[in-house]
Amino acid sequence: MKYLSIYAPPYPFFLYSGDALYRSGDSHSHRSHIGVFDMLFVEYGCLYIAEDNDFYTVKKNEVLLLSPLHTHRSFKRCTEETYFHWIHFYTTAQTEISSAPHSRTSPKTAEPHFDYSMENLEIYNIPIHQRINDEAADKIFGNLRSLETYSINRYQEGSMKKKSNSFQENRLKQQEIFLNILSSIVIHESSGSGSRIAHTIMQLLLSDYAQKLTLKDMAEAANCHPVHAIRCFQDEYGTTPNKALIATRLNEAEKLLKSTTLTCEEISKTVGFSSPYYFNKVFKKHFQITPLQYRKSGIKNNI
């Protein structure tokens, strides 16, 4: 899992925001080196976005952060109606993309290029791809609507269309709202925070559940010992990381059984189970019926 670390101040600043509704068959534009950070917030549906050689399936209540210097595009057209919001922002602070959140004790490739006391330096770690819970999502989407003072009018040669007269006089208010959104999605810097460790592991599970994940992988992502990772996760969520991983895979498998015609073997592979036999065994233990029985039951209930 990748993170963007922002060494602040100076703090990121808001530029523009907007929303878009894609129909089935629509796809995101191909863009290169746009010069600003681009954050996508999916309210419903699903986007399929590639950034260079990284591929992301961005679903409901998920956020994807795209780099100013890379190329991003759709690698697959939308298969359902998809509504999402976007924010363009920038920062003149030092930034770094890495596989683990940073703290003030983390090694850095370079000192910040601004003259500021390291003792007062703050580090904002933002997962490149993350899922937010329903309660936080409701607040974020409300804030995003407040930000959407201007929107891109795609039918007037891409010009900026003004939605209200508040843009100039409320510029500072927009920055305040933007920082509130940012605060909701960052992992706050605290090298010894059990909550941070648990949150980091949970985001890894939610974004990379289809990959082969071990406890060692989770601990490395959170930059801590595996035993400490289990303890922090259990304190925060009341379960172990491995149980949470299985629950996430089962949740995704349940959705695929309801919404696709993929075979049980294909679903097993798609959500990350090591074999169809193990998938069948775990699914039956959790739902009291096999995946095939679950699908047939669902079809009957819809008739």
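Side-chain atoms of H33 do not come within 3.5 Å of backbone N or O of H70 as any donor-acceptor pair. Counting only distance, with no hydrogens or angles, the side chain of S183 and the backbone of L179 share no donor-acceptor pair below 3.5 Å. Formation of a donor-acceptor pair under 3.5 Å by the S67 side chain with backbone atoms of L69 is found in this model. In terms of modelled atom types and a separation under 3.5 Å, the side chain of T248 and the main chain of Y209 share no donor-acceptor contact. A donor-acceptor contact shorter than 3.5 Å is absent between the side chain of N280 and the backbone of Y277. In this structure a side-chain-to-backbone donor-acceptor pair under 3.5 Å is present from Q175 to F14. A donor-acceptor contact shorter than 3.5 Å links the side chain of S74 to the backbone of H28. Although no hydrogens or angles enter the test, the distance criterion places no donor-acceptor pair under 3.5 Å between the side chain of S32 and the main chain of H30.
The hydrophobic clustering, which links ILVMFWY residues whose side-chain heavy atoms are closer than 4.5 Å, places Y90 and I177 together. V282 and L292 fall into different hydrophobic clusters, defined by Ile, Leu, Val, Met, Phe, Trp and Tyr side-chain heavy atoms under 4.5 Å apart, directly or through other members. In the hydrophobic clustering of this structure, I34 groups with L15; members are Ile, Leu, Val, Met, Phe, Trp, Tyr whose side-chain heavy atoms approach within less than 4.5 Å, directly or through other members. Residues Y278 and F283 are members of one and the same hydrophobic cluster, defined by side-chain heavy-atom contacts under 4.5 angstrom among Ile, Leu, Val, Met, Phe, Trp and Tyr. By the criterion of side-chain heavy atoms lying less than 4.5 angstrom apart, applied directly or through intervening Ile, Leu, Val, Met, Phe, Trp or Tyr residues, I49 is not grouped with F75; the two fall into different hydrophobic clusters.
Under the 30°/60° scheme for interplanar angles, the aromatic rings of H129 and Y56 are found to stand perpendicular.
A donor atom on one side chain and an acceptor atom on the other are not found under 3.5 Å apart for N143 and S146. For the residue pair Y44 / E81, a side-chain donor-acceptor distance below 3.5 Å is found, with atom types taken as modelled.
A ring pair (Phe, Tyr, Trp, His ring centres under 6.0 Å) with Y22 is found for exactly one of W86, Y83, Y48, F84, namely F84.
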Legend entry - Derivation of the side-chain contact (heavy atoms from CB on, under 4.5 Å) call for F279 and R249: CA-CA 9 Å; F279 168 54; R249 286 172 172 167; over 6 Å; no
Inset, instruction - Evaluate the criterion side-chain contact (heavy atoms from CB on, under 4.5 Å) for residue pair T270 and L256; output intermediate values, then yes/no. - result: CA-CA 9 Å; T270 298; L256 293 174; 3.9 Å; yes
Legend entry - Full working for side-chain contact (heavy atoms from CB on, under 4.5 Å) between L64 and I128: CA-CA 6 Å; L64 179 65; I128 297 299; 4.1 Å; yes
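In terms of heavy-atom proximity, L65 sits nearest to I126 at CD2-CG2, 4.0 Å. Taking each heavy atom of Q130 and I185 in turn, the nearest pair found is NE2-O, 2.8 Å. Nearest heavy-atom pair, A198 versus Y237, reported as atom, atom and distance to 0.1 Å: O-CE1, 3.6 Å. Considering all non-hydrogen atoms of both residues, A93 and P10 come closest at CB-O, 3.3 Å. Residue R77 comes nearest to S27 through the heavy atom pair NH1-OG, 3.7 Å, listed as atom of the first residue, atom of the second, then distance. Of all the heavy atoms in F233 and T239, the pair that sits closest is CD2-O, 3.2 Å.
A distance of 7.5 Å separates OG1 in T57 from NZ in K76, rounded to the nearest 0.5 Å. The distance from the CG atom of L182 to the CZ atom of F13 is 13.0 Å, given to the nearest 0.5 Å. Rounded to the nearest 0.5 Å, atoms OG1 (T263) and CG (L257) are 10.0 Å apart. In this structure, CG in N61 is found 7.5 Å from CG in D138, a value given to the nearest 0.5 Å. Note that CD1 of I201 is 8.5 Å distant from CD1 of I230, once rounded to the nearest 0.5 Å. Taken from SG in C46 to NZ in K59, the straight-line distance is 6.5 Å, to the nearest 0.5 Å.
The residues E265 and K269 are annotated as not salt-bridged, no charged nitrogen and carboxylate oxygen being separated by less than 4.0 angstrom. Ion pairing of R145 with E148 is absent here, as no side-chain N (NZ or NE/NH1/NH2) approaches a carboxylate O to less than 4.0 Å. A salt bridge between E51 and K2 is absent, with no side-chain N of the basic residue lying under 4.0 Å from a carboxylate O of the acidic one. By the 4.0 Å N-to-carboxylate-O rule, E252 lies close enough to K255 to be salt-bridged with it.
Between P12 and F37 there is no side-chain heavy-atom pair separated by less than 4.5 Å. Side chains of V58 and F41 form no contact here, defined as non-hydrogen atoms less than 4.5 Å apart. Put simply, the side chain of Q293 does not reach to within 4.5 Å of the side chain of F287, judged on heavy atoms. Taking 4.5 Å as the limit, some side-chain heavy atom of M39 sits within range of a side-chain heavy atom of F178. Counting heavy atoms from C-beta on, the side chains of L40 and V63 never come closer than 4.5 Å. Residues T200 and N223 form no side-chain contact, since every pair of their non-hydrogen atoms from C-beta on lies 4.5 Å or further apart. Between N242 and M218 there is a side-chain heavy-atom pair separated by less than 4.5 Å. The shortest side-chain heavy-atom distance between R295 and T260 falls under the 4.5 Å cut-off.
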